[in-house]
Peer 1: 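Pasting in a structure now, in structure tokens, and then I'll have a few things to ask.
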2 protein chains.
Amino acid sequence: MEAKNTPKVRATLEDVAQHAQVSLATADRVLNKRPGVRAATVARVNEAVRRLGYRPDPSAAKLARSRLRRVAFLLPAGANRFVGLLSEQIAANVEWMRDQRIDSEVLAVNVFNPGELAKALLAQEGQRDAVMVMALDHPVVRSAIDQLTQAGTVVITLVSDVPSSTRQHYVGIDNTAAGRTAATLVGRFVGRQPAKVAIILGSLSLRDHAERYFGFNQVMAHEHPHLTVLPPLEGQDDATRNEVLTKELFTAHPDLAAIYSVGAGNGGISTALRTSGRAHNTVFVGHELTPASRTDLLDGTMDAVINQDAGHEIRSALRVALAQWSQEPVIADQERIRIDIYLKDNLP
Amino acid sequence: MEAKNTPKVRATLEDVAQHAQVSLATADRVLNKRPGVRAATVARVNEAVRRLGYRPDPSAAKLARSRLRRVAFLLPAGANRFVGLLSEQIAANVEWMRDQRIDSEVLAVNVFNPGELAKALLAQEGQRDAVMVMALDHPVVRSAIDQLTQAGTVVITLVSDVPSSTRQHYVGIDNTAAGRTAATLVGRFVGRQPAKVAIILGSLSLRDHAERYFGFNQVMAHEHPHLTVLPPLEGQDDATRNEVLTKELFTAHPDLAAIYSVGAGNGGISTALRTSGRAHNTVFVGHELTPASRTDLLDGTMDAVINQDAGHEIRSALRVALAQWSQEPVIADQERIRIDIYLKDNLP
DNA sequence: CTGTTAGCGCATTCAA
DNA sequence: TTGAATGCGCTAACAG
């Protein structure tokens with residue numbers, strides 16, 4: 001059961017250099033893709049790397065490196081609980097980042113304005129080794145991302161993807177699957193009798209919201225045809241607006257059986273449910289585990305919360321960046337962000 | 001938003017030594033709790049560590065260390081799918097372990113025999129820096145664990161805990177909560193009409209099974225009183241036995257509404273459900289995501305799978321050990337093993 | 001009980 | 001375009 005295929009004594013860059021008949025410095029140059037080495041030499045070194053199964057020792061590399069890698073997190077400005085969690089997790093990982101020779105900074109950006117976001121992105125060119133961005137999927141933003149990656153900056157999209165861009169990686173959940181998951185929960189919790197289901201979301205122009213909505217409808221249509229899905233209501237992720245929308249919903253559809261909240265601002269929905277005395281007989285499924293949604297889950301106002309772990313997302317983004325810079329290995333299934341389902345019973 | 005409280009330039013052991021007026025070697029001795037230093041000197045060094053906010057650089061420490069830390073994984077012998085997943089994950093992490101100066105070995109033990117397990121544990125004394133064990137909670141085992149930790153070996157229980165022992169850490173889920181989670185799923189999926197629910201488990205003498213059973217009953221009794229929970233059936237985690245038990249269940253209770261499978265051997269239950277044509281109208285909730293349970297979920301035979309991520313458990317155990325040995329930081333919420341709920345829609 | 005010293009494997013000047 | 005030399009922060013062997 002032991003790892004017998006990996007040699008007990010690891011090849012060093014020095015070994016590679018010897019086998020390739022070059023100096024340590026040259027070997028290092030080709031390893032780190034630095035210019036100023038003849039093509040033939042590059043080939044020789046790479047061949048030696050292959051033959052020896054060389055992989056750099058991350059510890060040695062970090063110790064020797066003087067310069068810190070600079071990374072920027074571009075997060076939406078404004079008070080969104082989930083974004084707050086992301087910031088907290090960034091803060092919680094500064095020590096670890098120091099150990100990894102990473103220096104990070106959080107920049108608040110008005111994400112809803114594509115122009116501003118693009119400007120903020122472009123301002124990072126040359127300033128950072130990586131930028132992690134919770135982006136709006138818009139042509140202007142896409143092109144800014146592309147320009148950044150051209151310039152050699154690692155770009156990682158966070159939570160909401162910009163799939164058509166050249167970003168190196170997306171860290172976040174599959175939002176269509178998340179929508180489907182919500183639908184199954186709602187469908188099974190409501191039961192077999194015909195009923196109405198409402199959807200409240202921030203805006204259909206947000207990629208993640210649109211995808212969740214799509215997934216939700218898919219499953220509803222195919223697997224729960226006895227349930228009627230009402231037209232989606234856009235509350236701009238605002239609790240106050242959501243509260244109003246929810247109340248209107250109740251008057252228009254006294255027989256409403258369930259609500260799926262796609263975005264933020266769940267507090268408003270909870271309030272409406274509670275004040276109207278319908279908290280326990282309306283199925284309410286929403287996203288993101290926060291102190292508020294946790295309470296709602298425990299007191300029965302919410303029935304399930306679908307979550308993406310902010311801590312995992314931050315660490316994953318960082319690990320992926322590290323892997324891009326060096327030749328460090330990435331454990332694929334460790335970097336897959338899961339769609340967590342929380343009931344009152346399995347809260348962390 | 002930047003980390004302004006942590007100094008840009010990190011204190012080194014050398015700095016600590018200077019401030020404490022000792023040599024590097026002595027500083028290192030007290031840092032690593034090695035003997036042969038006067039109490040007064042120890043105090044001076046520790047004071048300097050505190051004042052400077054010193055934390056060792058893990059990269060430097062790993063680079064300098066020649067000896068590998070030796071860890072043993074003691075896993076149940078015999079073909080259990082989940083245990084297989086654990087082994088796979090160990091294998092998948094050998095590269096990473098090498099980077100961390102860890103050398104691991106997997107030992108198959110007959111876990112159901114306390115004497116054998118204890119013997120295997122004791123055999124590790126002096127041989128390993130840490131042992132990760134999927135243990136049976138039994139006095140003989142507990143005392144073996146205690147003896148190991150006395151000897152300075154880090155012991156980490158995996159998947160099933162031995163709480164009364166002096167093991168440094170438990171890596172696994174809260175099984176009572178997992179049982180509660182299962183109950184809520186079953187309760188909500190079955191609906192409001194009175195019905196019967198069956199429980200199949202490996203053995204009530206296994207701590208994790210007993211805890212899940214307990215949690216399940218708790219929630220059933222308090223929140224779903226209209227559901228009748230039948231006496232638990234013990235199938236020894238064996239698929240064949242479970243199939244027989246399930247068939248007997250159907251003849252004895254033609255109106256059975258749900259089955260909660262606490263342990264392994266779900267294949268037998270699925271087979272019984274399918275051959276009797278009840279796969280889609282019996283709620284079936286079980287544990288551990290394997291290729292088989294994944295299929296059952298997708299074809300509707302299973303309704304939910306409660307999982308603990310084998311990969312996370314292995315990496316967590318390793319990280320915790322690393323933290324015990326050195327002063328490396330542990331990110332608490334990263335080490336909490338979550339109770340994952342999988343429906344057909346959020347499969348990874 | 002304490003100090004001196006020599007690397008660990010790589011990044012990074014500075015020369016050639 | 002390439003090489004030699006230095007040092008990152010720590011561990012560990014060796015001296016006293």
Peer 1: Can you find a heavy atom in the side chain of A/M134 that is under 4.5 Å from one in the side chain of A/L74?
Peer 2: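 A/M134 vs A/L74: side chains apart.
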Peer 1: Return the set of residues passing side chain to side chain donor-acceptor pair (under 3.5 Å) with A/D57 (not counting sequence neighbours), or none when no residue passes.
Peer 2: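 A/D57 satisfies side chain to side chain donor-acceptor pair (under 3.5 Å) with B/R101 once adjacent residues are dropped.
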Peer 1: Taking only residues two or more places apart in sequence, or in another chain, which ones meet B/L322 in a side chain to side chain contact (heavy atoms under 4.5 Å, CB included)?
Peer 2: B/W96, B/Q100, B/I102, B/W325, B/E328
Peer 1: Tell me, please, which residues at least two apart from B/V49 pass side chain to side chain contact (heavy atoms under 4.5 Å, CB included).
Peer 2: B/V16, B/L31, B/V45, B/Y54
Peer 1: When you match B/R101 and B/V37 each to their closest nucleotide on DNA chain C, which lands nearer the 5' end?
Peer 2: B/V37
Peer 1: Mind listing the N/O atom pairs, protein and nucleotides 3-5 of chain C, below 3.5 Å?
Peer 2:
unit_1: C/dG3; atom_1: OP2; unit_2: B/S23; atom_2: N; d: 2.8
unit_1: C/dG3; atom_1: OP2; unit_2: B/S23; atom_2: OG; d: 3.3
unit_1: C/dG3; atom_1: OP2; unit_2: B/T26; atom_2: OG1; d: 3.0
unit_1: C/dG3; atom_1: N7; unit_2: B/R29; atom_2: NH1; d: 3.2
unit_1: C/dG3; atom_1: O6; unit_2: B/R29; atom_2: NH2; d: 2.3

Peer 1: Name all residues meeting the side chain to side chain contact (heavy atoms under 4.5 Å, CB included) criterion together with B/E88; count only those two or more places apart in sequence or in a different chain, and write none if there are none.
Peer 2: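 Residues passing side chain to side chain contact (heavy atoms under 4.5 Å, CB included) with B/E88: B/L85.
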Peer 1: Counting only side-chain nitrogens and oxygens, does B/T41 get under 4.0 Å of the OP1 or OP2 atom of C/dT2?
Peer 2: yes
Peer 1: So which pairs with a foot in residues 38-48 of chain A pass side-chain hydrogen bond (donor to acceptor under 3.5 Å, both in side chains), sequence neighbours left out?
Peer 2: A/E47-A/R50
Peer 1: From C/dT2, C/dC10, C/dA11, pick the nucleotide closest to the side chain of A/Y54?
Peer 2: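 Taking heavy atoms from C-beta onward, the closest nucleotide is C/dC10.
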Peer 1: Excluding sequence neighbours, so at least two apart, what forms side chain to side chain donor-acceptor pair (under 3.5 Å) with A/S165?
Peer 2: none
Peer 1: So, using side chain to side chain contact (heavy atoms under 4.5 Å, CB included) as the criterion, who are the partners of A/S143 when residues are at least two apart?
Peer 2: none
Peer 1: To the nearest 10°, let me know how far the axis at one end of the helix from C/dC1-D/dG16 to C/dA16-D/dT1 is tilted from the axis at the other, five pairs an end.
Peer 2: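 So the angle between the two local helix axes works out to 40°.
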Peer 1: Which residues pass the salt bridge (charged side-chain N to carboxylate O under 4.0 Å, His left out) test with A/D15, not counting sequence neighbours?
Peer 2: none
Peer 1: Please give me every residue in residues 56-64 of chain B whose heavy atoms get under 4.0 Å of an atom in DNA chain D, ordered by residue number.
Peer 2: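 DNA chain D contact set from residues 56-64 of chain B: B/P56, B/D57, B/A60, B/A61, B/A64.
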Peer 1: Mind checking what makes side chain to side chain donor-acceptor pair (under 3.5 Å) contact with B/S59, not counting sequence neighbours?
Peer 2: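 If we apply the side chain to side chain donor-acceptor pair (under 3.5 Å) test to B/S59, skipping adjacent residues, there are no hits.
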